[in-house]
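Read the structure below first, then the notes.
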Amino acid sequence: MLTNQPNQPVSIERIRQGDVGEFEKLFRSCYKRLCIYAEHIIGDPVDAEEIVCNLFVKLWERREQLPVRVSLESYMASAVHHEAVNCLKHAAVEDRYREKAQYRLKHLDLLYPEGTDTPLTDMLDKELYELIEKALQTLPPQCREVFVLHMMDELSYEQVALQLNVTVNTVRTQMTRAMKKMRRALSPFYRKED
């Protein structure tokens, strides 16, 4: 069992009964270690912290059915490991979808040569276009401008930086933010296709 102080183990039964103080004791005793463990697996401290926070939320919401048959520490580490591995799998899938989207945008003529329009391709193209437009509108102004110049006008990071009078690092940062938001916004479209 996890302990906050010597001779004071965290009580699974008290957590099951809704004891907030006992849950806080659990949180304080293992939160940092679980974040470090998750970061070791996925390599991103922000995502690691999100995984651990979500785990604690789920744990509290399902406390009455807490399926702990081993130590609470083992249960938590196993749950973090499972979520971190799922996060890596999800990131790999997102990368695959992003590659597909980039290919489609750059090779639209190859995918839909003139004269092969069908109601289905027209509907999918319209739906994708609407999703892209909606997603672009949610980006902050500079972020949107950087994304459009780089992805749609095909300017290099250096060219975008010169045009906007910002540093290349600023362009990189804005592109990272834009791509993350665009991936989230466009994921429903690609999930339907696979």
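Since the structure is predicted, the reported quantities are computational estimates derived from the model, not experimental observations.
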Does the side chain of [Y] come within less than 4.5 Å of [X]'s, by heavy atoms?
{"X": "L59", "Y": "L26", "value": "yes"}
{"X": "E39", "Y": "E49", "value": "no"}
{"X": "C35", "Y": "H40", "value": "no"}
{"X": "Q17", "Y": "E13", "value": "yes"}
{"X": "I42", "Y": "I51", "value": "yes"}

List in chain and number order the residues that pass ring pair (Phe, Tyr, Trp, His ring centres under 6.0 Å) with F56, two or more places apart in sequence or in another chain; answer none if no residue qualifies.
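F56: ring pair (Phe, Tyr, Trp, His ring centres under 6.0 Å) contacts with F23, F27.
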
Any sub-3.5 Å donor-acceptor pair from [X]'s side-chain atoms to [Y]'s backbone N or O?
{"X": "R144", "Y": "L136", "answer": "yes"}
{"X": "T176", "Y": "R172", "answer": "yes"}
{"X": "D19", "Y": "I15", "answer": "no"}
{"X": "S78", "Y": "Y75", "answer": "no"}
{"X": "Q137", "Y": "K134", "answer": "no"}

Whether K58 and E83 form a salt bridge (side-chain N of Lys/Arg under 4.0 Å from carboxylate O of Asp/Glu) is what I want to check.
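Yes, E83 and K58 are salt-bridged.
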
Under a 4.0 Å threshold between the charged nitrogen and the carboxylate oxygen, would K25 count as salt-bridged to E22?
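Looking at E22 and K25, the cut-off is met.
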
Between [X] and [Y], what is the shortest heavy-atom contact and its length?
{"X": "H150", "Y": "L155", "value": "ND1-O, 2.7 Å"}
{"X": "V166", "Y": "Q142", "value": "CG1-NE2, 3.3 Å"}
{"X": "A79", "Y": "L55", "value": "CB-CD1, 3.5 Å"}
{"X": "V52", "Y": "A38", "value": "CG2-CB, 4.3 Å"}
{"X": "F147", "Y": "M175", "value": "CA-SD, 3.7 Å"}

Does a sphere of radius 6.0 Å around CG in N165 hold more than 12 heavy atoms from other residues, nucleotides or ligands, not counting ones at 6.0 Å or beyond?
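No.
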
Side-chain donor-acceptor contact under 3.5 Å, T170 with T167
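The answer is yes; a qualifying pair exists.
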
Hydrophobic cluster membership, with links at side-chain heavy-atom distances under 4.5 Å among I/L/V/M/F/W/Y: are L149 and V168 in one?
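Same cluster.
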
